Amino acid sequence: MSQVTVIVLAAGGGTRMRSKTMKVLHRVGGRTMVGHVLAATRAVAPARVVAVVGHQREAVGAHVRELEPDAVLAVQESQDGTGHAARIAVEALGGSVDGTVVVLTGDTPLLRGESLAAFVADHEAAERAVSILSAEIDDPTGYGRIVRDEEGDVVAIVEQKEADHVQREIREINSGILAFDGAFLGEALAAIRNDNAKGEYYLTDAVGIARDTGLTVGAYCIDDETQTRGANDRAQLAELGRLLNRRILDHWMTEVGVTIMDPDTTWIDSDVVLAPDVTILPGTQLLGATVVAEDAVIGPDTTLEDCEVGAGARVVRTHGQLAVVGDGATVGPYSYLRPGTRLGAAGKIGAFVETKNAVIGDGAKVPHLSYVGDAEIGDGTNIGAGTIVANYDGVAKHRTVVGKHARTGSNNTFVAPVTIGDGASTGAGTVVRSDVPAGALAVSAGPQRDIEGWVARRRPGTAQAEAAAAARGATDEAAYPGAADTGHDVENEPADGQPPLS
């Protein structure tokens with residue numbers, strides 16, 4: 001394969017998307033549409049990539065440069081057709097191009113790299129001036145038609161608005177992906193005119209120019225026509241997403257050995273990596289750069305974005321983002337793993353637990369009904385149900401450290417910054433405000449006090465009072481010690497909702 005230059009056309013506004021976001025920046029399968037196109041170009045190892053930008057050029061250009069730092073940006077101030085865009089691109093390269101030039105549209109996210117490489121190889125082997133990536137489709141409405149002569153050679157590409165009734169019956173269409181001999185392209189761009197129904201410069205007119213000068217023109221008809229499809233509105237984008245997702249799922253199932261129980265309810269982004277013998281249960285979404293190791297089970301009803309899941313781990317009914325789950329660990333159900341969560345091997349994050357910026361050691365457990373944020377929990381430690389790490393003082397976040405093999409009670413609050421030593425324990429209901437030494441027991445609750453007759457005095461006539469009376473086997477006030485004069489100091493009773501007074 002000779003030196004290849006790639007031109008990506010990404011200047012159009014895409015008004016039918018009805019969006020403030022530029023069309024080629026809309027996402028499908030975890031990447032922007034233009035991102036998929038740029039990924040496909042890597043299969044031909046281009047020496048140079050030129051992106052033609054126009055509408056929202058700052059956003060589109062920045063995104064292209066993020067993906068291809070060495071890309072050349074060519075600005076098309078007014079969108080006067082594909083021929084005009086290609087001329088702008090060649091001018092950005094100094095006015096001439098050697099070798100093969102491939103022109104792609106930025107809204108064909110299903111194009112495969114291997115298909116593009118085969119197309120370029122076919123073009124160069126045939127030594128053509130122009131090659132067209134074509135496909136046969138049932139409904140060619142809106143596409144340019146490939147017109148061939150009786151010998152099957154390509155004569156022209158006729159756009160929909162320029163086609164006569166016979167040409168409109170042709171089912172072989174131009175995908176918009178073209179390959180040129182670089183020297184010929186420079187000559188053709190200077191010769192293309194805009195005397196057509198739309199007043200635009202059509203790059204496809206280069207086919208006629210090549211034919212008139214006796215040069216070779218051909219079409220490479222691709223088997224999978226979906227690779228040529230673009231998206232002009234949200235409905236078409238959704239359909240491309242469905243097709244791309246099914247392609248991704250089929251790859252993991254047939255080529256890697258991943259079990260996907262229900263492909264219809266499973267969505268996996270393009271950059272996700274799965275190991276053999278992973279099992280994906282229904283209702284699961286694996287997004288971004290998520291990586292799942294062998295024998296892990298994900299789902300059902302789980303969404304993981306940019307997460308790492310270790311071998312043999314189990315993640316059920318969980319939402320996770322930028323989190324790491326260790327080998328053999330378990331998460332869920334109904335867990336929320338926020339960025340910075342790291343669960344060690346054989347660890348557990350259980351039901352209705354939220355974690356953020358938290359390192360939970362090997363074999364450590366946060367079983368249920370807890371919030372752990374800005375914290376470090378040592379290996380083998382068990383965190384009691386209903387525990388809250390109070391990490392924010394209203395101004396700044398602070399960190400809590402719980403040592404190894406600690407046992408903390410239910411309904412604890414750790415007021416950060418605080419450290420609980422290795423092997424320490426805390427009692428139920430404890431509010432930990434200062435460091436707990438290794439091996440110590442921390443308690444903060446006072447002794448329980450029972451104030452007899454409180455409900456009868458403070459809640460008379462309620463269902464609560466009636467239930468209490470029935471339980472004591474009497475209904476009149478005299479049956480309640482303290483309901484009238486029991487010697488209890490009423491003035492020292494707590495107000496409603498307050499703790500007992502000492």
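In this text, all values refer to a predicted model and were calculated from it rather than measured experimentally.
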A.B. asks: Calculate, to the nearest 0.5 Å, the distance between atoms CG and CD1 belonging to L369 and I383 respectively.
C.D. replies: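 Result: 14.0 Å between the selected atoms.
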
A.B. asks: Given side chains that start at C-beta, do those of N382 and T408 come closer than 4.5 Å, heavy atoms only?
C.D. replies: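 Not in contact.
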
A.B. asks: Between H398 and V418, is the side chain to side chain contact (heavy atoms under 4.5 Å, CB included) condition met? List the steps.
C.D. replies: CA-CA 9 Å; H398 301 281; V418 69; over 6 Å; no

A.B. asks: Would you say V49 and V72 make side-chain contact, with heavy atoms under 4.5 Å?
C.D. replies: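 Result no, sub-4.5 Å side-chain heavy-atom pair not found.
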
A.B. asks: Does a side chain donor of either H63 or T32 reach within less than 3.5 Å of an acceptor in the other side chain?
C.D. replies: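 Present: a donor and an acceptor within the cut-off.
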
A.B. asks: Return yes if some donor-acceptor pair links the side-chain N/O of S444 with the main-chain N/O of V431 below 3.5 Å, else return no.
C.D. replies: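 Checking the backbone N and O of V431 against the side chain of S444, a donor-acceptor pair under 3.5 Å is found.
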
A.B. asks: What is the minimum heavy-atom distance between G230 and Q236, and which atoms define it?
C.D. replies: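 Between these two residues, the closest heavy atoms are O-OE1, 4.0 Å.
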
A.B. asks: Any chance you could lay out the side chain to side chain contact (heavy atoms under 4.5 Å, CB included) test for V359 and I377, step after step, and finish with the verdict?
C.D. replies: CA-CA 6 Å; V359 178; I377 297 173; over 6 Å; no

A.B. asks: List the atom of A311, the atom of A293, and the distance in Å for their closest heavy-atom pair.
C.D. replies: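 Nearest pair, atom of A311 first, then A293: N-CB, 3.3 Å.
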
A.B. asks: Could you go through E68 and R48, starting from their C-alpha distance and side-chain angles, then the distance that decides it, and tell me whether this counts as salt bridge (Lys or Arg N to Asp or Glu O under 4.0 Å)?
C.D. replies: CA-CA 10 Å; E68 295 289 340; R48 292 176 295 183; over 6 Å; no

A.B. asks: Looking at K356, I want to see if its NZ is surrounded by more than 12 non-hydrogen atoms of other residues, nucleotides or ligands under 6.0 Å.
C.D. replies: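 Above 12, so yes.
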
A.B. asks: Are R31 and D271 side-chain neighbours, meaning at least one heavy-atom pair lies under 4.5 Å?
C.D. replies: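 With C-beta onward as the side chain, the pair touches.
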
A.B. asks: Is there a side-chain contact between I280 and T259 (heavy atoms, below 4.5 Å)?
C.D. replies: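 Contact flag for I280/T259 side chains = no.
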
A.B. asks: To check you understand the geometry: which heavy-atom pair defines the closest contact between A313 and G326, and what is its length?
C.D. replies: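 What the structure gives for the nearest pair is CB-O, 3.6 Å.
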
A.B. asks: Verify, without hydrogens or angle tests, whether T381 (side chain) and H405 (backbone) share a donor-acceptor contact under 3.5 angstrom.
C.D. replies: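 Yes: the side chain of T381 pairs with the backbone of H405.
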
A.B. asks: Any chance you could lay out the side chain to side chain contact (heavy atoms under 4.5 Å, CB included) test for S270 and L244, step after step, and finish with the verdict?
C.D. replies: CA-CA 9 Å; S270 301; L244 178 59; 4.1 Å; yes

A.B. asks: Rounded to the nearest 0.5 Å, what separates atom CD1 in I388 from atom OG1 in T400?
C.D. replies: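 It is 11.5 Å, given to the nearest 0.5 Å.
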
A.B. asks: Are E452 and R457 close enough for a salt bridge, meaning some N to O gap below 4.0 Å?
C.D. replies: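 Answer for the salt bridge query: no.
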
A.B. asks: For the OG1 atom of T266 and the CZ atom of R246, what is their distance to the nearest 0.5 Å?
C.D. replies: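 With rounding to 0.5 Å, OG1 (T266) is 9.5 Å from CZ (R246).
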
A.B. asks: How far does CE of M33 sit from CG of L25, to the nearest 0.5 angstrom?
C.D. replies: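 Those atoms lie 8.5 Å apart.
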
A.B. asks: Pairing donors with acceptors under 3.5 angstrom, does anything connect the side chains of T426 and N412?
C.D. replies: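 Checked: T426/N412 side chains pair up, N/O donor to acceptor below 3.5 Å.
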
A.B. asks: Quick one: does any side-chain atom of D269 pair with a main-chain N or O of G30 as donor and acceptor, under 3.5 Å?
C.D. replies: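 Answer holds: yes.
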
A.B. asks: Is the closest side-chain heavy-atom distance between V353 and Y336 below 4.5 Å?
C.D. replies: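 No. Closest side-chain heavy atoms not under 4.5 Å.
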
A.B. asks: Mark yes or no for whether D379, through its side chain, and D362, through its backbone, hold a donor-acceptor pair below 3.5 Å.
C.D. replies: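 Here the side-chain-to-backbone pair exists.
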
A.B. asks: Would you indicate whether R65, at its atom CZ, is surrounded by more than 12 heavy atoms from other residues, nucleotides or ligands within a distance under 6.0 Å?
C.D. replies: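 Yes, CZ of R65 has more than 12 neighbouring heavy atoms, counting only those of other groups under 6.0 Å.
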
A.B. asks: Go through V278 and D295 one step at a time and tell me if the side chain to side chain contact (heavy atoms under 4.5 Å, CB included) criterion holds.
C.D. replies: CA-CA 5 Å; V278 164; D295 298 321; over 6 Å; no

A.B. asks: Mind checking whether T290 and I268 have side chains closer than 4.5 Å, heavy atoms only?
C.D. replies: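 Result no, sub-4.5 Å side-chain heavy-atom pair not found.
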
A.B. asks: Which residue in the set L9, L111, I7, L133 passes side-chain contact (heavy atoms from CB on, under 4.5 Å) when paired with L104?
C.D. replies: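 Going through the options one by one, the only one that passes is L111.
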
A.B. asks: Hey, is CZ on R342 packed in by over 12 heavy atoms from elsewhere, all under 6.0 Å?
C.D. replies: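 No, because the 6.0 Å sphere around CZ of R342 holds 12 heavy atoms or fewer from other groups.
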
A.B. asks: Is the closest basic N to carboxylate O distance between K23 and D107 below 4.0 Å?
C.D. replies: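 Salt bridge: yes.
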
A.B. asks: With no hydrogens and no angle check, just 3.5 Å: does a side-chain donor-acceptor pair link H26 and S19?
C.D. replies: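 Looking only at side-chain atoms, S19 and H26 do form a donor-acceptor pair, the distance falling under 3.5 Å.
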
A.B. asks: Can you tell which of V309, V325, T279 makes a side-chain contact (heavy atoms from CB on, under 4.5 Å) with V292?
C.D. replies: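 Single side-chain contact (heavy atoms from CB on, under 4.5 Å) partner of V292 among V309, V325, T279: V309.
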
A.B. asks: Is a side-chain donor or acceptor of S370 paired with a backbone partner of H368 at a separation under 3.5 angstrom?
C.D. replies: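 Yes, S370 side chain to H368 backbone: donor-acceptor pair under 3.5 Å.
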
A.B. asks: Decide yes or no for V402 and F414: does some side-chain heavy atom of the first lie under 4.5 Å from some side-chain heavy atom of the second?
C.D. replies: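 They are in side-chain contact.
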
A.B. asks: Between F352 and Y334, how do the two ring planes meet: parallel, tilted or perpendicular, split at 30° and 60°?
C.D. replies: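 F352 vs Y334 ring planes: parallel.
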
A.B. asks: With no hydrogens and no angle check, do the side chains of S175 and T228 hold a donor and an acceptor under 3.5 Å apart?
C.D. replies: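 No, no side-chain donor-acceptor contact under 3.5 Å.
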
A.B. asks: Which atom pair, heavy atoms only, marks the closest approach of V24 to A10?
C.D. replies: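 Where V24 meets A10 most closely, the heavy atoms are CG2-CB, 4.2 Å.
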
A.B. asks: Judged by atom type as modelled, is there a donor-acceptor pair below 3.5 Å linking the side chain of T100 to the main-chain atoms of V4?
C.D. replies: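 Such a contact is absent between T100 side chain and V4 backbone.
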
A.B. asks: Do you know the tightest heavy-atom contact between A296 and G310?
C.D. replies: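 For A296 versus G310, the nearest heavy atoms are CB-O, 3.6 Å.
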
A.B. asks: Any side-chain to backbone donor/acceptor pair from T355 onto A358? Under 3.5 Å, distance only.
C.D. replies: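 Flag not set: sc T355 to bb A358 has no pair under 3.5 Å.
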
A.B. asks: P263 versus M253: any side-chain heavy-atom pair under 4.5 Å?
C.D. replies: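 Contact flag for P263/M253 side chains = yes.
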
A.B. asks: Check whether the side chains of Q79 and H55 place a donor and an acceptor atom closer than 3.5 Å, and report yes or no.
C.D. replies: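 A donor-acceptor contact under 3.5 Å links the two side chains.
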
A.B. asks: Using every non-hydrogen atom in the two residues, find where A424 and P437 come nearest and quote the distance to one decimal.
C.D. replies: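 Residues A424 and P437, closest heavy atoms: CB-O, 3.6 Å.
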
A.B. asks: Is there a donor-acceptor contact under 3.5 Å from the side chain of D435 to the main chain of T419?
C.D. replies: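 Flag set: sc D435 to bb T419 pair under 3.5 Å.
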
A.B. asks: Closer than 3.5 angstrom, by distance alone: can the side chain of T318 be matched with the main-chain N or O of V316 as a donor-acceptor pair?
C.D. replies: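 Here the side-chain-to-backbone pair exists.
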
A.B. asks: Taking atom CZ of R112 and atom CG of L110, what is their separation to the nearest 0.5 Å?
C.D. replies: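 The CG atom of L110 is 9.0 Å from CZ of R112, to the nearest 0.5 Å.
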
A.B. asks: Examine distances only and state if a side-chain atom of E305 and a backbone atom of G288 form a donor-acceptor pair shorter than 3.5 Å.
C.D. replies: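 No: the side chain of E305 does not pair with the backbone of G288.
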
A.B. asks: For the residue pair R317 / S335, report whether a side-chain donor-acceptor contact shorter than 3.5 Å exists.
C.D. replies: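 Note: S335 and R317 side chains miss the donor-acceptor criterion.
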
A.B. asks: For R433, I'd like to know if atom CZ has over 12 heavy atoms of other residues, nucleotides or ligands within 6.0 Å.
C.D. replies: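 No.
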
A.B. asks: Roughly how far apart are L73 CG and E58 CD, rounded to 0.5 Å?
C.D. replies: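 Those atoms lie 11.0 Å apart.
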
